[in-house]
Structure formats: C-alpha cells, structure tokens
Amino acid sequence: LSTDKTVKVLNILEKNIQDGSKLSTLLNHNNDTEDEERLWRDLIMERVTKSADACLAAINIMTSPNMPKAVYIEDVIERVIQYTKFHLQNTLYPQYDPVYRVDPHGGGLLSSKAKRAKCSTHKQRVIVMLYNKVCDIVRSLSELLEIQLLTDTTILQVSSMGITPFFVENVSELQLCAIKLVTAVSTF
C-alpha cells in the first residue's frame with residue numbers, strides 16, 4: 001500500500017477504536033430482564049471487541065518493518081492508549097481482581113482479602129478473549145516505543161498503564177507484557 005492509503009486505513013481504524021473506547025461492559029439495569037441485559041451486554045462486547053481488533057490492526061501496521069514516518073499518527077496512538085487504559089480499569093481489572101469491583105448496591109465494606117475469597121475464577125469466554133487482545137496491545141505498544149518517539153504526555157499515559165498491572169492480582173500475562181512496556185519507557 002502507498003503511504004496515503006495506509007494513513008487512510010489508520011484513520012478509519014481510529015474511528016473504530018473510538019466506537020468502543022468508552023463503553024462500559026459492566027451493565028446492571030435494575031429494571032431490565034435477564035434476556036435484555038444479556039442482549040445489551042452482547043452488543044456492547046461486540047463493539048468493544050471490534051475496537052480491540054482495530055487497535056491491534058493499527059499497532060501492527062505501525063510496528064511493521066520499514067514504515068514511513070507519516071504512519072505514526074499521534075491521534076491513533078493516543079486513541080489506542082485511551083482504549084486500553086479504559087478497558088483495563090473498567091472491564092478487565094474488575095473481572096480478574098474483585099478488589100477493583102464496585103458494588104452497585106453500596107454494600108458493606110469488605111477487606112480486599114474478603115473480596116478475593118468470595119470471588120469465582122470463572123470468566124466469560126469473551127472477557128478472556130478481550131484480555132488476550134489487550135495483552136497483545138500492551139506488548140505491541142512496547143515495540144512501538146522502541147521504533148517511534150512519543151510525546152511526553154503520551155509517555156506518561158503509557159507508563160501509568162504499564163505500572164498499574166503490578167497492583168492487580170490474577171493478571172500474570174498482562175504483568176509480563178507490562179514489564180516490557182515499562183522497560184521500553186525507561187530507555188528514554
């Protein structure tokens with residue numbers, strides 16, 4: 001592809017990333033039936049997964065060998081980071097570590113050990129798939145940092161995204177990817 005076409009593809013991917021970058025997957029409509037809530041959750045997860053695929057496609061294009069400088073579009077990179085941070089904090093951390101869950105009913109105060117003791121280890125297939133994609137995005141971001149210099153604000157966002165997984169339990173694969181990311185950030 002020519003550089004112009006590659007840039008156009010990246011701009012289209014950015015719009016797809018933006019579509020799912022602020023969607024919360026933790027719905028709890030009190031007046032909805034179980035079927036309605038499941039349908040909403042499926043619809044939202046489909047959009048979130050589509051956005052994760054767009055993130056991966058954009059990062060894979062940027063980390064491909066011999067890419068021209070015009071391909072490293074700052075807005076696309078920032079959108080990928082925004083998507084990743086949002087879904088780490090609002091989707092994956094609450095699913096994998098019960099300490100990050102917010103009780104919608106404002107229940108009693110439980111210690112983090114008590115919350116973890118009550119947690120089930122069963123995860124929905126779509127959540128595991130999203131987790132694996134986010135791990136790939138974090139790993140690819142570390143490769144991108146080795147290729148392209150980013151702005152200071154972007155580096156701050158990436159570094160906070162790379163440090164946070166070390167305070168979350170049950171995300172060992174993400175922690176391994178975060179080690180690479182933090183290492184890449186520290187080489188600046």
Side-chain angles (χ1 to χ4, degrees), residues 1-26 44-45 47-97 100 102 127 129-168 171-188:
L1 288 176
S2 69
T3 302
D4 290 340
K5 286 184 180 180
T6 306
V7 168
K8 285 180 185 178
V9 167
L10 286 169
N11 287 324
I12 291 169
L13 289 171
E14 180 191 2
K15 299 300 181 203
N16 283 294
I17 295 166
Q18 187 175 7
D19 180 47
S21 66
K22 293 286 184 183
L23 289 175
S24 177
T25 60
L26 303 174
I44 288 173
M45 284 309 296
R47 288 173 62 190
V48 167
T49 303
K50 176 189 66 144
S51 294
D53 290 336
C55 286
L56 281 170
I59 292 291
N60 284 332
I61 288 170
M62 289 184 215
T63 57
S64 295
N66 303 319
M67 279 291 143
K69 290 285 184 191
V71 170
Y72 303 110
I73 303 169
E74 189 174 322
D75 290 341
V76 176
I77 296 169
E78 286 179 5
R79 188 76 65 196
V80 168
I81 293 167
Q82 176 189 20
Y83 171 89
T84 307
K85 280 187 75 168
F86 181 84
H87 284 291
L88 280 171
Q89 293 177 347
N90 296 297
T91 303
L92 296 175
Y93 294 161
Q95 287 289 325
Y96 282 84
D97 191 346
Y100 288 86
V102 176
I127 294 294
M129 205 167 48
L130 180 64
Y131 174 75
N132 290 329
K133 288 179 184 192
V134 168
C135 286
D136 289 342
I137 293 168
V138 172
R139 186 179 308 111
S140 297
L141 280 171
S142 64
E143 292 174 23
L144 181 64
L145 284 173
E146 294 170 4
I147 297 170
Q148 178 65 22
L149 281 174
L150 301 177
T151 63
D152 290 345
T153 56
T154 306
I155 292 294
L156 286 172
Q157 294 291 320
V158 169
S159 61
S160 72
M161 183 174 54
I163 292 171
T164 308
F166 297 108
F167 301 102
V168 182
V171 290
S172 56
E173 296 89 0
L174 181 62
Q175 290 170 342
L176 287 173
C177 297
I179 288 173
K180 284 184 174 183
L181 187 62
V182 171
T183 304
V185 167
S186 66
T187 59
F188 283 106

Q: Identify which one of Leu174, Leu144, Leu145, Ile163 satisfies the side chain to side chain contact (heavy atoms under 4.5 Å, CB included) criterion when paired with Leu181.
A: Leu145
**Q.** Shortest non-hydrogen contact from Ala178 toward Pro165
**A.** CB-CG, 4.0 Å
Q. Where is the tightest heavy-atom contact between Gly20 and His87, given as atom of each residue plus distance?
A. O-NE2, 2.7 Å
Q.
For a quick test of reading the model, state the closest non-hydrogen atom pair linking Tyr83 to Val48 and the distance between them.
A. OH-O, 2.7 Å
Q | Approximate separation, where rounding is to 0.5 Å, of Leu150 CG and Leu156 CG | A | 11.5 Å
Q | Under 3.5 Å side-chain donor-acceptor pair for Lys85 and Thr164 | A | no
Q. Does atom NZ of Lys15 have more than 12 heavy-atom neighbours from other groups under 6.0 Å away?
A. no
Q: Can you measure from CD (Gln148) to CD1 (Ile77) and round to the nearest 0.5 angstrom?
A: 6.0 Å
Q) Do you know the tightest heavy-atom contact between Thr91 and Gln95? A) O-CG, 3.0 Å
Kindly list each side-chain donor-acceptor pair under 3.5 angstrom involving residues 56-76, sequence neighbours excluded, with atom names and distances?
{"from": "Asn60", "atom 1": "ND2", "to": "Leu56", "atom 2": "O", "distance (Å)": "3.1"}
{"from": "Thr63", "atom 1": "OG1", "to": "Ile59", "atom 2": "O", "distance (Å)": "2.9"}
{"from": "Thr63", "atom 1": "OG1", "to": "Asn60", "atom 2": "O", "distance (Å)": "3.4"}
{"from": "Ser64", "atom 1": "OG", "to": "Asn60", "atom 2": "O", "distance (Å)": "2.7"}
{"from": "Ser64", "atom 1": "OG", "to": "Ile61", "atom 2": "O", "distance (Å)": "3.4"}
{"from": "Tyr72", "atom 1": "OH", "to": "Met62", "atom 2": "O", "distance (Å)": "3.3"}

**Q.** N-O pairing of Asp136 and Arg139 below 4.0 Å
**A.** yes
**Q.** Which atom of Glu173 lies closest to which atom of Tyr131, heavy atoms considered
**A.** OE1-OH, 2.8 Å
Q | Spatial distance of atom CZ (Arg47) from atom CG (Asn16) [nearest 0.5 Å] | A | 10.5 Å
(Q) Rounded to the nearest 0.5 Å, what separates atom CD1 in Ile127 from atom CG in Asn132? (A) 11.5 Å
Q) For Lys22, which residues count as a salt bridge (charged side-chain N to carboxylate O under 4.0 Å, His left out) partner, sequence neighbours excluded? A) none
Q: Heavy atoms only: give me the nearest Tyr100-Phe167 pair and the separation to one decimal.
A: OH-O, 3.2 Å
